[in-house]
There are 2 protein chains.
Amino acid sequence: MKFQKNKKYLNRIYSGDAVKVMQQFPDGSVDLIVTSPPYADRRKKQYGGPPPEEYVEWFLPFSREFYRILKPKGSVVLNIKENAIRGERHTYVLELIIAMRKEGWLWVEDYIWHKKNAFPGKWSNRFRDAWEHCLHFTKRKDFNMYQDSVKVKIGDWADGRLKSLGVNDKKRSMSKTNSGFGRQLTNWVGKRKVYPSNVLHLSTISANKNHCAVFPETLPAWFIKLFTRKGNVVLDPFIGSGTTAIAAIKAKRNFIGVDFSKLYSKIANSAVKETIKSIQKTRK
Amino acid sequence: MKFQKNKKYLNRIYSGDAVKVMQQFPDGSVDLIVTSPPYADRRKKQYGGPPPEEYVEWFLPFSREFYRILKPKGSVVLNIKENAIRGERHTYVLELIIAMRKEGWLWVEDYIWHKKNAFPGKWSNRFRDAWEHCLHFTKRKDFNMYQDSVKVKIGDWADGRLKSLGVNDKKRSMSKTNSGFGRQLTNWVGKRKVYPSNVLHLSTISANKNHCAVFPETLPAWFIKLFTRKGNVVLDPFIGSGTTAIAAIKAKRNFIGVDFSKLYSKIANSAVKETIKSIQKTRK
DNA sequence: GTTCCGCATGAATCGATAG
DNA sequence: ACTATCGATTCATGCGGAA
């Protein structure tokens, strides 16, 4: 496999070590890296997920290649969660954030994925784990963010609240706490959509029945809409069953997928082909 | 103020430095410490909330007294959030977790408080911040946890939310959550109550009240039910307007409250008296 | 009593401007 | 160059009074 100038390297699933695959891509060629790296001690067979003590050292070679191939205004989103080990949450995620900042990354935000239908189970010392991090890293403060593309329907409160406005609603009313905060409700009349928060409520249903995806398609789809535009390049170095690539295709972005396992890159590949086929069918 | 053997030191609000107040309590005398310490650079007037770089050093003297006065099977719950500084989330919360583990604490869990009515605002690089940590620390693996006391009705579980919320709230949530969890639902048929997850959905309240609370009463109430029994001792060393004490009283636990500010300890005190009075009225 | 409606409030954050 | 202050932006809730 060689890097080709005519961009034939795009929209493909590679199998192999993601570091080596990424080394073949030029500097600043990717707009968004969104991925769910193997968690410590999980999915050992597939990726050789390292023990938690070695997790940071294991991950840094990946993050260094991320830094090189990411465009200056691009973003990295890591879906990850500290698992419970010997009765405690392990600290490798915290240590990873600190280590990546030392290497030059900006840790802009910690989006929370609230898993509405988290896996059931019962333990004596904890409840079901219903959330995961989506860590947002960038190279620069002025990264690309297209907030309008992920607006959501305004809350039901608006229907009642905005029907009739009082006197104070029509003028700007300043908060008393010196926060400098005020409101002008006239701005809200007719508004149907608002910006979301940093908490994402998504279910863990995976479209692919044969092979469970670690995250639902809606998760990468959301970040793809938020941080890229049509025709941009989205990379997932641990693509698994292909979810990120499918989300990218549906959003008309270019994708690059890598998976260590030959089996999984095959699965991802056929999932990709399936998606393209069904899109072409719809167009007819 | 002196420590007295007949336990007159319980069910009181103290004003002063919490470290010094705690030094007067005996070893292993508290079942639960649940508190919201001042965040970095916030509430400077009230507590002298330290700059983020000094946060860990500032907090460790408190955590050491916590360790001494906490019963072996007791718990500590810290409600805290890293704020955004110069375009990044600051790492002082991560560093605090790592530092407390080095001092012997077990970091058992990171409960997430999802703030449904997060502070509004718009920025080019992030959305509204709608969640906070509730860090759970213990001294031992076999700490006390009374899971049955916080079971929720099966319908409420669908959205992962707690009971005791407004009516509007339930209407809204039901309409939104029709997707996703149908598959698992069959497992739960016949069960009336189920265990919650580690994500708590609560609104901040403070509208039209004399004093503002940093967290809603339901937050400490939940952890009090989960980690203590009737007659146990609950401490909040940064009690503010008294929310934790009120939750403890209503749950028939003993409380100790401390606040650096004389004004706030007065406010907390009168809130406590008000609560006791209204409970006695109900009994008649 | 119950529902409806007015309204004030909140651990916010960034960029520009001033000292 | 570095810090301090200021203005701009924004969503959902519960309380309390009215219908």
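So that the names make sense, note that chain A is the first sequence line, chain B the second, and so on, each numbered from 1.
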List, with names and distances, any nitrogen or oxygen atoms from the protein found under 3.5 Å away from nitrogen or oxygen atoms belonging to nucleotides 14-17 of chain C.
| from | atom 1 | to | atom 2 | distance (Å) |
| --- | --- | --- | --- | --- |
| dC14(C) | OP1 | Asn125(B) | ND2 | 3.2 |
| dC14(C) | OP1 | Arg126(B) | NE | 3.1 |
| dC14(C) | OP1 | Arg126(B) | NH2 | 3.3 |

Residue pair Ser75(A) / Thr138(A): nearest heavy atoms and the distance that separates them: OG-CG2, 3.7 Å
Nearest to side-chain heavy atoms of Val194(A), which nucleotide of dC11(D), dT13(D), dA12(C): dC11(D)
Gap between atoms CE and C1', on Met145(A) and dT13(C) respectively (whole Å): 13 Å
Where DNA chain D forms stems, i.e. three or more consecutive Watson-Crick or G-U pairs with both distances under 3.5 Å: C:2-10 with D:11-19, C:12-19 with D:2-9
Rounded interatomic separation in angstrom, taking CG from Leu202(B) and C1' from dG10(C): 15 Å
Side-chain donor or acceptor of Arg253(B) paired with backbone N/O of Ala247(B) under 3.5 Å: no
Length of the CG-P vector between Asn198(A) and dT13(C), whole Å: 9 Å
Sugar-phosphate only, base, or nothing, as touched by Pro37(B) at under 4.0 Å among non-hydrogen atoms: base
Spacing of Phe119(B) atom CZ relative to dA11(C) atom C1', expressed in whole Å: 9 Å
Partner set under side-chain hydrogen bond (donor to acceptor under 3.5 Å, both in side chains) for Lys71(A), not counting sequence neighbours: Asp31(A)
Closest to side chain of Arg128(B), choosing from dA12(D), dA11(C), dG10(C): dA12(D)
Options dG14(D), dC11(D), dT13(C), nucleotide nearest the side-chain atoms of Ser203(B): dG14(D)
Whole-Å distance separating the NZ atom of Lys193(A) from the C1' atom of dC11(D): 16 Å
With Lys225(B) via side-chain hydrogen bond (donor to acceptor under 3.5 Å, both in side chains) - residues at least two apart: none
Nucleotide nearest Ile154(A) when distance is taken to its side chain, options dC11(D), dA11(C), dA12(D): dA12(D)
Solution key, residues 95-105 of chain A side-chain donor-acceptor pairs under 3.5 Å, sequence neighbours excluded:
| from | atom 1 | to | atom 2 | distance (Å) |
| --- | --- | --- | --- | --- |
| Glu95(A) | OE2 | Thr91(A) | OG1 | 2.6 |
| Arg101(A) | NE | Glu88(B) | OE2 | 2.8 |
| Arg101(A) | NH2 | Glu88(B) | OE1 | 3.0 |
| Glu103(A) | OE1 | Arg64(A) | NE | 2.9 |
| Glu103(A) | OE2 | Arg64(A) | NE | 3.3 |
| Glu103(A) | OE2 | Arg64(A) | NH2 | 2.7 |

dT9(D) to dA11(C) separation - P atoms, rounded to the nearest Å: 23 Å
All ring pair (Phe, Tyr, Trp, His ring centres under 6.0 Å) counterparts of Trp113(A), not counting sequence neighbours: none
Rounded interatomic separation in angstrom, taking NZ from Lys151(A) and P from dC11(D): 7 Å
Sugar-phosphate, base or nothing in reach of Phe215(B), heavy atoms under 4.0 Å: nothing
Side-chain H-bond candidate by donor/acceptor type, Ser36(B) with Asn79(B), under 3.5 Å: yes
Length of the line joining Asn83(B):CG and dA12(C):C1', which is rounded to integer Å: 9 Å
Separation of dA12(C) C1' from Tyr195(A) OH (nearest whole Å): 17 Å
Test side-chain hydrogen bond (donor to acceptor under 3.5 Å, both in side chains) applied to Tyr92(A) - qualifying residues, sequence neighbours left out: Asn83(A)
Partners passing ring pair (Phe, Tyr, Trp, His ring centres under 6.0 Å) against Tyr195(A) (at least two apart in sequence or in another chain): none
Non-neighbouring partners of Tyr111(B) that pass ring pair (Phe, Tyr, Trp, His ring centres under 6.0 Å), sequence neighbours left out: Trp222(B), Phe223(B)
